[in-house]
Amino acid sequence: MASGSNSLIWFRKGLRIHDNPALEYAAKGSSYLYPVFVIDPHYMEPDSTAFSPGSARAGVNRIRFLLESLADLDSSLRKLGSRLLVLKGEPGDVLFRCLKEWDVRRLCFEYDTEPYYQALDIKVKNYASAAGIEVFSPVSHTLFNPADIIQKNSGRPPLSYQSFLKIAGQPSWASSPLSTTISSLPPIGNVGNCGISNVPTLQELGYEDSGQDELTPFRGGESEALKRLRGAMDEKEWVAKFEKPKGDPSAFLKPATTVLSPYLKFGCLSSRYFYQCIQDVQKNVKTHTLPPVSLLGQLLWRDFFYTVAFGTPNFDRMNGNRICKQIPWNVDHELVAAWRDARTGFPWIDAIMVQLQKWGWMHHLARHCVACFLTRGDLFIHWEKGRDVFERLLIDSDWAINNGNWLWLSCSSFFYQYNRIYSPITFGKKYDPNGDYIRHFLPILKDMPKEYIYEPWTAPLSIQTKAKCIIGKDYPKPVISHDTASKECKRKLAEAYELNKKLNGVVSEEDLKMLRRKFEEDHQRQEPQTKRLKNKN
DNA sequence: GATGCGTTGGGTCA
DNA sequence: TGACCCAACGCATC
């Protein structure tokens, strides 16, 4: 490209100045640089028909987090002599109009492996190629290029963490020097009539002021990400000794993890920079934990899921997904709604779901508990239903990681030990015997004695009255009995696995229907027995 | 076919 | 808190 022409940096993820290869390249030798973010109304504008405040696709917490990230990016760009140009509309159409109007000769954007961007980016690249526009689209969201790893493994993504590590080898890109620190940016040219606006506020997008009584405590943006990162890295012992499974899911005043996931999701934090910071800490301590449980191991998990997701057609579905066990999950909208709206009657489960709604974030093990409960542990509901709720409400919801974890927790892929079920009663109790977490997120139970707080339906009526919480009136009775439901789930999964084995994974809709019918008949037979037991109690 | 392994279960016992 | 058993899966490797 001739020096002195116009460049456009298209921000999607990668909402940062530091270690941003696309931005660095876009700035190099350009007379004018147009930093663009396109607001897709479908993603950002209020939808009153959704089950929670937010747009059709995202809860209000994540929309706010994104707006804060954009405002921070805009402020950083301004310090470098530029600004963020915000446009509205279908991203492809908006971009084509800008490229033409501004006579852009160089288009830069971070490579994205999600199906949505894969489809969009093909259109964009075709347009650019026809118009003679140079495109630079580096892989900088992850430590590895998923395509490289899949190629190294003869075209198929590795399906276990250990095999992923073996194939991936040393992350050479992640260890390479960061992008040059940018001290100034080329000016913005004449923007003409492209409908540029500032970063909108939530109110400007049409959201009510008092949509929720408690919004997420996590602020979006690169500045906040770097502050959080520094805070975490200052605690060298903590970083070195980090062991994911040992974290306390009930810790909410000071979460047991870094809470950097939402910043990685939007690219407010460079995964390469994070990786190098952890390595620096590890170099300077005597001993440290190792993947998969170490902090570095968590970043590699992220790459693992990105790689499998990229290399697996229909990764976000059961049907047509070759790595997903075909299971005849229950269809029960009432139960899904009870789970989603924190009305299962299990305080540990409901408190986690309230934290999800209010904060858009909860500890990894807490996510495990509610996902296991919804799917293979108790309710036997389709993992896609839970995935949808997480995808909407989490501020860190990430297509590859969210779907990967739901596949994992539902024993549909990666992990198959379906007899290992998280107890909705005893698991949380181990960490928080007093039930402070429950008391915080479910204040209706705040006066329930700790002996009953994980199973309030067992409290004598006198205790319930004293605690001002009558079970069945002020707080729901449990939707199922964990003992019987979890046993039934195990039986069902054993049968579903057998069917998958017998048919070599090629299970038709009809096969699933038949098995589902059998499950219903089995359940009918069990029911009278269960009722008798209940009457006895 | 046997064997070993897999990020993080529950329960009991010392 | 850790060691051990329970019950037991799929998958990779040999």
Side-chain angles (χ1 to χ4, degrees), chain A residues 153-154 156-168 241-251 255-258 261 278 288-308 312 321-327 346 348-349 352 362-373 375-378 400-401 404-433 454-455 482-505 507:
Chain A
N153 196 41
S154 345
R156 289 205 161 188
L159 294 177
S160 78
Y161 185 78
Q162 294 303 337
S163 64
F164 167 81
L165 291 186
K166 218 154 87 185
I167 291 150
K241 287 186 175 149
F242 186 89
E243 265 185 88
K244 186 68 162 284
K246 290 201 175 154
D248 177 356
S250 70
T257 55
T258 60
S261 54
I278 300 171
H288 59 79
T289 51
L290 293 168
V293 297
S294 64
L295 198 51
L296 208 66
Q298 305 316 301
L299 265 177
L300 294 164
W301 273 107
R302 180 172 174 270
D303 266 61
F304 167 69
F305 282 124
Y306 265 85
T307 304
V308 186
T312 307
N321 180 347
R322 69 170 186 88
I323 67 165
C324 179
K325 290 254 178 282
Q326 303 298 303
I327 294 164
F346 289 90
W348 172 244
I349 299 296
I352 295 168
M362 62 284 208
H363 186 272
H364 184 71
L365 285 177
R367 299 180 194 204
H368 278 211
C369 288
V370 294
C372 178
F373 183 84
T375 58
R376 67 181 170 85
D378 290 89
I401 299 170
N405 274 307
W406 277 97
L407 282 163
W408 187 296
L409 262 300
S410 65
C411 278
S412 296
S413 198
F414 309 113
F415 175 80
Y416 306 97
Q417 284 172 275
Y418 56 75
N419 52 317
R420 293 190 179 178
I421 290 173
Y422 292 91
S423 164
I425 298 153
T426 58
F427 190 82
K429 212 186 273 185
K430 270 192 308 201
Y431 299 93
D432 180 18
Y454 284 87
E455 308 167 84
H482 172 65
D483 274 354
T484 47
S486 58
K487 281 186 186 119
E488 196 176 314
C489 282
K490 287 182 203 175
R491 280 199 300 273
K492 285 176 176 173
L493 269 180
E495 284 196 56
Y497 271 28
E498 208 181 301
L499 182 70
N500 277 264
K501 205 195 255 176
K502 196 174 93 190
L503 299 176
N504 205 13
V507 183

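Chain letters run A, B, ... following the sequence lines, proteins first, then strands; residues in each count from 1.
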What I'd like to find out is whether the side chain of A:Asn321 reaches to under 4.5 Å of the side chain of A:Leu407, using heavy atoms alone. yes
Note, A:Tyr416 side chain near A:Lys325 side chain (heavy atom, < 4.5 Å): yes
Can you see which heavy atom on A:Tyr454 is nearest to which on A:Asp432, and at what distance?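 Minimum heavy-atom separation between A:Tyr454 and A:Asp432: OH-O, 2.6 Å.
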Given the C1' atoms of B:dG4 and C:dA8, what is the spacing between them in whole Å?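 About 14 Å, rounded to a whole number of Å.
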What integer number of Å spans the P atoms of B:dG6 and C:dA7? 23 Å
Within the structure shown, what part of the strands sits under 4.0 Å from [X] by heavy-atom distance: base, sugar-phosphate, or nothing?
X        : value
A:Lys166 : nothing
A:Gln162 : sugar-phosphate
A:Lys501 : sugar-phosphate

Centroid distance below 5.5 Å plus an interplanar angle below 30 degrees: do A:Trp301 and B:dT7 meet both conditions? yes
Salt bridge (charged side-chain N to carboxylate O under 4.0 Å, His left out) between A:Lys502 and A:Glu498: does it pass, once the steps are laid out? CA-CA 6 Å; A:Lys502 196 174 93 190; A:Glu498 208 181 301; over 6 Å; no
Counting heavy atoms not belonging to A:Arg156, are there more than 12 under 6.0 Å from its CZ?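 No - once you tally the heavy atoms of other residues, nucleotides and ligands closer than 6.0 Å, there are 12 at most.
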Stem finding on DNA chain C, please: runs of three or more consecutive Watson-Crick or G-U wobble pairs, both distances under 3.5 Å, sorted by first number. B:1-6 with C:9-14, B:9-14 with C:1-6
What string of B, S and - do you get for nucleotides 9-14 of chain B, 5' to 3', if B is base contact, S is sugar-phosphate-only contact and - is no contact with any protein heavy atom under 4.0 Å? BSS---
Expressed as a whole number of angstroms, how long is the span from A:Leu407:CG to C:dC11:P? 13 Å
Could you check whether any side-chain N or O of A:Arg367 sits under 3.5 Å from a backbone N or O of A:Met362, counting only pairs where one atom can act as donor and the other as acceptor? yes
A:Phe304 and A:Phe414 aromatic centres sub-6.0 Å: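 Ring centroids of A:Phe304 and A:Phe414 are less than 6.0 Å from each other.
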Check the orientation of A:Tyr422 and A:His368. Use parallel for under 30°, tilted for 30 to 60°, and perpendicular for over 60°.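 Because their plane-to-plane angle is over 60°, the rings of A:Tyr422 and A:His368 count as perpendicular.
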